[in-house]
Amino acid sequence: GDSVTQMEGPVTLSEEAFLTINCTYTATGYPSLFWYVQYPGEGLQLLLKATKADDKGSNKGFEATYRKETTSFHLEKGSVQVSDSAVYFCALRIYGNNRLAFGKGNQVVVIP
Amino acid sequence: EPEVTQTPSHQVTQMGQEVILRCVPISNHLYFYWYRQILGQKVEFLVSFYNNEISEKSEIFDDQFSVERPDGSNFTLKIRSTKLEDSAMYFCASSRLAASTDTQYFGPGTRLTVL
């Protein structure tokens, strides 16, 4: 079936460090790929998306490139801030389906 | 900026009781969804709804669940006889289009605790 795998465990890093969160997927059809972010006490917010191979989604300094050859959509940010502390979810949606399939999410904690 | 709202933020109920979770989607959106997240697990799709009908549902969405759009603004999820394993965060979402490229906008969630 369609699924998303995110790297295990929380991520703790210092302010201004480089952030990478790995995301790989398996899909029966042609997916669109999404990163959602959940700040404490809030709902899921779309961070960025890419709808076809080699597309790069970007927002708020975050980037992710849709890599069909490696079935990946890794999230990166060059210099994190304390305000980036949140849970980050990778998700996919197959053409013709209504549902989003989510990864488990990664807690990111940025220390001043 | 328009947003999806959900009430209540936290619901505590006894096993076997019925609960109704409420959502107000973004006003010009036509497609509505429910997801849930059991603590420590993935966010899981339950159901999608369009034009007053269920358009897709997961294997989780069995006969104890139902959805309704009782008026022009609300979208509800009813659980008829709650079980302990229904304890989870329930998220409502909406989108303007059905396209797989379109963004689903999520509400803040309702935390359901079944005792």
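The shown structure was predicted, so the numbers you read here are calculated from the model rather than taken from an experiment. Numbers restart at 1 for each chain; the letters A, B, ... are given by sequence-line order, proteins then strands. Heavy atoms only: backbone and side chains are in, while hydrogens, waters and symmetry mates are out.
Contact annotation for B:Tyr35: only side-chain heavy atoms (C-beta onward) come within less than 4.5 Å of a heavy atom of chain A. Interface residue A:Leu46: only side-chain heavy atoms are found under 4.5 Å from chain B. In this structure, chain B has no heavy atom under 4.5 Å from any part of A:Gln6. Within the 4.5 angstrom heavy-atom criterion, only side-chain atoms of B:Gln37, from C-beta onward, approach chain A. Interface remark: A:Lys104 contributes backbone and side-chain atoms alike to the contact with chain B (heavy atom separation under 4.5 Å). In this structure, no portion of A:Leu33 lies under 4.5 Å from any heavy atom of chain B. The part of B:Ser48 that comes within reach of chain A is its side chain, from C-beta onward, which places non-hydrogen atoms under 4.5 angstrom from that chain. In this structure, the portions of B:Ser58 lying under 4.5 Å from any heavy atom of chain A include both its backbone and its side chain.
Tracing side-chain contacts under 4.5 Å through hydrophobic residues (I, L, V, M, F, W, Y), one never reaches B:Leu97 starting from B:Ile54; they form parts of separate clusters. Clustering ILVMFWY residues whenever any of their side-chain heavy atoms sit less than 4.5 angstrom apart, transitively, puts A:Met7 in the very cluster that holds A:Val4.
The closest side-chain donor-acceptor pair between A:Gln45 and A:Glu42 falls under 3.5 angstrom.
For B:Phe91 and B:Tyr33, the ring centers are positioned 6.0 Å apart or more.
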Exercise. Take B:Asn52 and B:Arg69, measure what side-chain contact (heavy atoms from CB on, under 4.5 Å) needs, and give me the verdict at the end.
Key: CA-CA 7 Å; B:Asn52 282 320; B:Arg69 188 152 164 82; 3.9 Å; yes
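Taking the charged nitrogens against the carboxylate oxygens, A:Lys56 and A:Glu63 do have a contact shorter than 4.0 Å, which makes a salt bridge. A salt bridge links A:Asp55 with A:Lys52: the distance from a Lys NZ or Arg NE/NH1/NH2 to an Asp or Glu carboxylate oxygen falls below 4.0 Å.
In terms of non-hydrogen atom pairs under 4.5 Å with chain B, the most contact-rich of A:Phe34, A:Tyr30, A:Tyr36 is A:Tyr36. Of the residues considered (A:Leu44, A:Ile94, A:Asn97, A:Leu92), A:Leu44 shows the highest number of contacts with chain B, using heavy-atom pairs under 4.5 Å.
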